[in-house]
Amino acid sequence: MELQSLIRDIPNFPKPGIIFRDITTLLSDAQGLKNTIDTLANRCIDSNLVPDYIVGIESRGFIFGTPLAYKLNAGFIPVRKPGKLPAAVHSIKYDLEYGQDSLEIHQDAIPSNSKVLIVDDLIATGGTARATADLVNQIGAEILGFAFVIELKDLQGRNKLPSLPIINLLEY
Ligand code: AMP
């Protein structure tokens, strides 16, 4: 099945010049959702990316990261927007394709010797995934790699990431 056909392009959202890749139409398709998670899990296993924890980035990284963690028998750790996590956090500022933001992780979320896979729906400029990698590094856990449903190739976001395996299902 063609996953790309389940993703809807919304031009000029959230601002002029951006083509927003809307995954809600993929999520609502039962077979598409199942194929996405199963394919991500198989690609991780084939690439020997079998982590102790999936770190998912708010909020669409939660949607794909949690079922992927379940399939890989891993735990799930949320990286969240500021002010959402209740216990002591590490915090980092980063640049988006459109704007600036910060992200937080619980300081005690991951044992320092564990292996982590970072998951989000989409990599654009790479700023979000890079900031998440920096947060995981602050904890001292080992990053095995990254998994995205969509990679926007032209923005070369992968160049911002440490040289580790990167899985994607779709390239634009
Ligand atoms: P970046 O930090 O530039 O790699 O941006 C990645 C984050 O922004 C991801 O969490 C995406 O969900 C979101 N994002 C950036 N660009 C787009 C886009 N064109 N369509 C949908 N989501 C996007």
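Atoms within a ligand are numbered from 1 in the order they appear, just like the ligands themselves. For the single chain, residues carry numbers from 1 onward in sequence order.
- Contacts with ligand 1 closer than 4.0 Å are made by heavy atoms of both the backbone and the side chain of T128.
- With a 4.0 Å heavy-atom cut-off, ligand 1 is reached by the backbone of T125 and by its side chain too.
- Using a non-hydrogen distance threshold of 4.0 Å, I57 does not register as a contact of ligand 1.
- In this structure, D9 pairs ionically with R21, as a charged nitrogen and a carboxylate oxygen lie closer than 4.0 Å.
- Enclosure of atom NZ in K160 by more than 12 non-hydrogen atoms of other residues, nucleotides or ligands within 6.0 angstrom is indicated.
- Within ligand 1, counting atoms from 1 as listed, the ones closer than 4.0 Å to a heavy atom of A124 are 1 (P), 3 (O), 4 (O), 5 (O), 15 (C), 16 (N).
- Scanning all heavy atoms of the two residues, the minimum distance from D29 to L6 falls at OD2-CD2, 3.7 Å.
- Between K153 and E171 there is a salt bridge, since a side-chain N of the basic residue sits under 4.0 Å from a carboxylate O of the acidic one.
- Not one N or O of Y94 is nearer than 3.5 Å to an N or O of ligand 1, by distance alone.
- Below 3.5 Å of separation, one finds no N or O of A129 facing any N or O of ligand 1.
- Of all atoms in ligand 1, numbered sequentially from 1 with element shown, those under 4.0 Å from a heavy atom of L152 are 19 (N).
- Near D120, meaning under 4.0 Å from one of its heavy atoms, ligand 1 places the atoms 9 (C), 10 (O).
- Dense packing is recorded around CG of D108, with more than 12 heavy atoms of other residues, nucleotides or ligands lying under 6.0 Å away.
- Ligand-side atoms of ligand 1 in range of D121: 9 (C), 10 (O), 11 (C), 12 (O), range being under 4.0 angstrom from any heavy atom.
- The shortest N/O to N/O separation between G126 and ligand 1 falls below 3.5 Å.
- Comment: E104 does not engage K84 in a salt bridge, judged by the lack of any side-chain N to carboxylate O separation of less than 4.0 angstrom.
- Under 4.0 Å is where a charged nitrogen must lie from a carboxylate oxygen, and between K71 and D38 at least one such pair does.
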